[in-house]
Structure formats: structure tokens, C-alpha cells
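Down below is the structure, laid out as C-alpha cells.
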Amino acid sequence: MSGYSYPKQLRLLTPRDYSRVFENSQFKVTGPLGVFIATPNELNHPRIGFVIAKKKVRFAVGRNRIKRVIKDCYRLSQHKLPSVDIVFIARPGIGEKENIAITKFCKYSWHKLSEQAKKAAKA
RNA sequence: CAAGUCAGCUGGAUAAUCGCCGCUUUAACUAUCUCGAUAGUUGAAGGGGAGGAAAGUCCGGGCUCCAUAGGGCAGGGUGCCAGGUAACGCCUGGGCGGUGAAAGCCGACGGCCAGUGCAGCAGAGAGUAUACCGCCUAAGCUCAGUAGAGCCGGUAAGGGUGAAAUGGUGCGGUAAGAGCGCACCGCGCAGCUGGUAACAGUCUGCGGCGAUGGUAAACCCCACUCGGAGCAAGACCAAAUAGGAAUCCAUUUGCUGUGGCCCACAGUGGAUUCGGGUAGGUUGCUUGAGCUUUUUGGCGACAAAAAGCCUAGAUGAAUGAUUAUCCUCGACAAAACCCGGCUUAUAGGCUGGCUUGGAAC
RNA sequence: GGCGCGAUAGCAAAAUGGUUAUGCUGCGGAUUGCAAAUCCGCCGAUGCCGGUUCGAUUCCGGCUCGCGCCU
């Protein structure tokens, strides 16, 4: 896997993948905009999925925007991340935030996740 | 120029880099066999990628399944007339009514002279209308015997109540009054004329008008119209699990199946054969009542013909991020089977027609 | 995405087109030595905007919000 593309291998696709992350969420990064939870996988690359409830962000346009922004940030920094399955859970209020704020939060979260994964690997 | 009004168009632009989703062409590898095709994976190149409302799901249609959508009842919808259309509750033209100074805009705009019902409070009276305050005392009776008072009555002009009280104005008439009579206006019926029709009329005749009050987004009547469900419809490939499924023959009742019911239709029982279809996947899925231009017909909606064009098709679900430049600093808002409408939301900009007012020539 | 329901006081829940019942809660008062129970009183633009009607909770449109069903 080279370059900065975003094919389907880098996403969580089935309900089984999601429930696996929820049931054993080893790593967690919390923020005002949302929560990233993650668990290690057997693959050599990370995967990501989204949970954005209709109650948190009212319209489909807004939900898609958040997904796009996080996806883009994830795509550009995929090689820095360990091989984990990540799920993003939105919090209320994220719909009003600027794209830059979401991007900053993502970069911070990737950093944190990598640290947590390194510690877990050593232990 | 200003104000108003109607119709139409537009809905940030340009460039670079990295990405996302289909499509087309092409190369390599793998698998299959009918041996030159099909499918998959990876790479390269090219080109495409949200809206005027994509929205609400309020109507109509296509498409799919249920039976080919058939008969009857029940129920729903529409409602001036004519036309357009695949169809419509939409559109166009016309009529009538309302509104505005006008351009224009708005109108669920059939029928209470078939039947049934409803109208709180107030008020005398709310429907085969009524008589509280009033007005009158001519005729008849009693007292008085000049005036007058009472009885028997007459009346609906005036007051007052109400959302609503059953023609209006004037003159005559009268005891007082009253379409009681007349004139004009209004109304109704019949005819005539014009118009396809709705409807209209300086038309003709008849009717005094308590005929025929209001209410049908009250039941209802009349005319026209509607079968039901919806792409999560449906079709195909198929681990698992349960035992059934298909074909043929028989076919009474009951039960089940499609809308609320009935008719009707299909299934059930026996024999033979072997498939069945949950997870998951594929398909339905975009060439269509399509778009653009021109011509012809029509007042118009629209129709016909010719030429050209192909313009998203996802399935955890695609248009973004970063940077630069410019301006008026960007509203409402994101396809999920597809079309035709309606309704609702919408910053700003542009164009044209019409009306009124002002100024100049 | 499609289909179907609902909205009445803080909560629950009635209501032929004619003054929005009732119960619980809350507040004030009466009662009591103090409380409980009991009695009396108070608190609503019927989700919003229009239309029909003399008059709409009710009838008819359009919005808003909430809930349910179908993979």
C-alpha cells in the first residue's frame, strides 16, 4: 500500500467490523468534538469507520461533510498510523465547527493513538 | 427617472497539487471452458460526476408483484365551461364573482324551488317566520251621547337584538299601513339572439316578489373518476437450518392467500420427480412521455417534422482538502427506481413586457 | 428511501361546530398543638400559519416536532 489513496481496504465496511471495535476498544482519544476508539487488527494497515447520529448532526449534508474532512485527514496521514481499526463517534456541536478545527483535532488524535499503540506493543 | 406588477435567466470565477465514485480504451497476471472469449486482481491513459428546488411526500403516471385488474357493495377523490396531456387535484384560453387608481392578482366557483339536520347567547320573533315597544281606531259592540274611553281588532312604516329578521327609492293610496297600485332599479320564469359551451344581452313577454332565507370544507343528491401495495417492489446466484418444493391427477365444506366485504380466482389431498433459500452477493439502475436548435400548425398550454447530442448511478453511500489571485465575499440547501406537476425554503445579480406618476425634448 | 400514526395545564387524560371537563403535582388558604388525610381557591394564546363558518380543539389545506413499521 503506497501513496495517499483511500480505497475500500482502508475502511470498516460490515457491522461485524464495527461491533469488534466496540466490544474490545483498547485505545481511546476523547475530545470536545468526538471520540476515537480503536483496537489492533491483523492487517498491515489501519481502517476507519464513522458513527454520526442523526440527533448529533441534523442533516445528511453536515454528516457527510464531517466524514469527508476526517477521511481526508486520515488519508494524508495513514502511514503514520499503526495497524488498528478506528471508529469515530461524533458529539453534539461538531456540526457547527469549522473544517480547520476538525482537522486539528484529528491530527492530535492520530498522535495520541500512535503513542497508545506503541505502549501496548511494548507491553 | 421613480413606484408597482408580470415573465424569464443565473445561483461565485480561474489555476495548481493530493484524493473520492462510475464509464470507455488498453497492458500484465490468474481462473474457466465450447480455445477466443468471459470473469476477477493490479497498472496506465482519456473523459464524466448533485438541484432549482435534488426537499415535503401533497397529487398524477411509468415500472414491478399480487389474477389479465373482472362484476357488485362500501369507501375515497374531483367539482363554472372548453381545450392540452401518458395522466392529474396540473397547465392554457374563456366565463362569472371579489379586490386594486391601473397593469394585474385572488377564488373547493355543481345542487338547500329531492329528503334529513343545524343556528349557543341576545332578541317579540331564527322558519308552514314573528308582534315586545310602537302606529291606528275607519267598520262592529259597550259607556258617553259634542269630545273621548274601553272591547273586538288592523298593521309591520319606525325603534331595539343578532352573523343573519324575506327587495330598494320615489309618488299615489290609507284610519294607520303594507307591491295594495304605479314609475325606475333589482330579482325570477319563458322565449329570442350571440357563443362549441360556461354565460351574456339598452331584446320580447309574463310574474308583485312571504315566490326561491342561510348552511353541502353538515349528512346527502348529481356528474366524472379511483383495484391494492410499493425498488426495503420484484428477479437471479447461493454457506447454514427447518422439512418441504415443483409437475400431473382429483377438487365438496372449511381454512389460507391480494384492499374493507361479497362474487370470482389461486392453494390444500394423492402419485411422480428433486431441490429448498437464511447470512452474503448480483441485478433492478439509468436511452428517457430525454435534451438542444430550426421549421410548421395553434390566441395559448401544446403538438408534429428534421438535424444533432448522451448528460451521476453510489450501497457505511462519491464533489472534498490545501494554496494563490479576483469580486458584489457566495442564500436555501446534497441524487438513492424514474418522470410530469403542486407546495414550502432561498443572499445577491441580470434581462424583457405592461401600468401609473413626474421631468425633458 | 418508502409507508403509517400523533401533538390539549408541569404530568396523565376527556370533550355533537356553541364558556376546554377531570385526576395527580405545585402554590395560597381553612382545619390541627404540629403533620397526614380532608375541604376551598389559583396556574392554560388546545404545536404553528392560513381557509370554510356568525362561531373551529373539532371541518379543510400548508408547515414544525415526536413516535412506530418495512432491510
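Proteins get letters first, then strands, A, B, ... in listed order; numbering begins at 1 in each.
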Exercise. In whole angstroms, how far is the C1' atom of B/G19 from the NZ atom of A/Lys71?
Worked result: 11 Å

For this session: Between B/A211 and B/C206, how far apart are the C1' atoms? Round to whole Å, please.
Result: 14 Å

Exercise. Taking the chi torsion of B/U128, is it syn (within 90° of 0) or anti (everything else)?
Worked result: anti

Problem set entry | B/C65 to B/C80 separation - C1' atoms, rounded to the nearest Å | 42 Å

Exercise. A/Cys106 and A/Phe88: side-chain contact (heavy atoms from CB on, under 4.5 Å), yes or no, with the steps?
Worked result: CA-CA 10 Å; A/Cys106 285; A/Phe88 174 74; over 6 Å; no

Exercise. Is B/C118 paired to anything, Watson-Crick or G-U wobble with both distances less than 3.5 Å, and if yes, which nucleotide?
Worked result: B/G214

Seminar exercise, completed: For C/U22, the nucleotide meeting Watson-Crick or G-U wobble distances (both under 3.5 Å) is C/A12

Problem set entry | Opposite nucleotide pairing with C/U57, Watson-Crick or G-U, both atom distances under 3.5 Å | none

Exercise. Given B/A321, is OP1 or OP2 found less than 4.0 Å from the side-chain N or O atoms of A/Lys107?
Worked result: no

Exercise. Are A/Phe105 and A/Phe36 close enough that their ring centers fall under 6.0 Å?
Worked result: yes

For this session: Could you classify B/G358 for me, syn or anti, using a glycosidic angle within 90° of 0 as syn?
Result: anti

For this session: If the glycosidic angle is within 90 degrees of 0 it's syn, otherwise anti, so just tell me which one B/G84 is.
Result: anti

Exercise. Expressed in whole Å, how much space separates the C1' atoms belonging to B/U286 and B/A301?
Worked result: 30 Å

Exercise. Can you list the residues that meet the side chain to side chain contact (heavy atoms under 4.5 Å, CB included) rule with A/Thr39, with sequence neighbours excluded?
Worked result: A/Arg20, A/Val21, A/Asn24, A/Gln26, A/Asp85

For this session: Taking atom C1' in both B/A223 and B/A198, compute the distance separating them and give it to the nearest angstrom.
Result: 16 Å

For this session: For nucleotides C/A7 and C/U20, find the distance between their C1' atoms and express it as a whole number of Å.
Result: 16 Å

Seminar exercise, completed: For A/Pro40 and A/Val84, the nearest pair of non-hydrogen atoms, with its separation, is CA-CG1, 3.9 Å

Problem set entry | Torsion-based syn/anti label for B/U311, 90° from 0 as limit | syn

For this session: Write down the distance between CD1 (A/Ile70) and P (B/A317), rounded to a whole number of angstrom.
Result: 13 Å

Problem set entry | For B/C63, the Watson-Crick or wobble counterpart (both distances under 3.5 Å) | B/G230

Exercise. Rounded to whole angstroms, how far apart are OH on A/Tyr74 and P on B/G320?
Worked result: 22 Å

Problem set entry | P atoms of C/C54 and B/A69, separation to the nearest Å | 49 Å

Seminar exercise, completed: Mate of B/G8 across any strand shown (Watson-Crick or G-U wobble, both atom pairs under 3.5 Å) is B/C350

For this session: For A/Phe27, check ring-ring contact (aromatic ring centres under 6.0 Å, His included) against everything at least two apart and list the hits.
Result: none

For this session: Check step by step if side-chain contact (heavy atoms from CB on, under 4.5 Å) holds for A/His111 and A/Val29.
Result: CA-CA 10 Å; A/His111 182 65; A/Val29 180; over 6 Å; no

Problem set entry | Complementary nucleotide of B/U30, counting Watson-Crick and G-U pairs under 3.5 Å | B/A39

Problem set entry | Pairwise C1' distance, B/U256 and B/G230 [rounded to whole Å] | 23 Å

Exercise. Using purine N1 to pyrimidine N3 plus N6-O4 or O6-N4 for Watson-Crick, or N1-O2 and O6-N3 for G-U wobble, each under 3.5 Å, what pairs with B/C132?
Worked result: B/G159

Problem set entry | Length of the CD1-P vector between A/Ile48 and B/A317, whole Å | 11 Å

Problem set entry | Span that lies between the P atom of B/G98 and that of B/A334, in whole angstrom | 45 Å

For this session: Assign B/A197 to syn or anti; the rule is syn for a glycosidic angle within 90° of 0 and anti otherwise.
Result: anti

Problem set entry | Paired nucleotide for B/A303 [Watson-Crick or G-U wobble; both distances under 3.5 Å] | B/U296

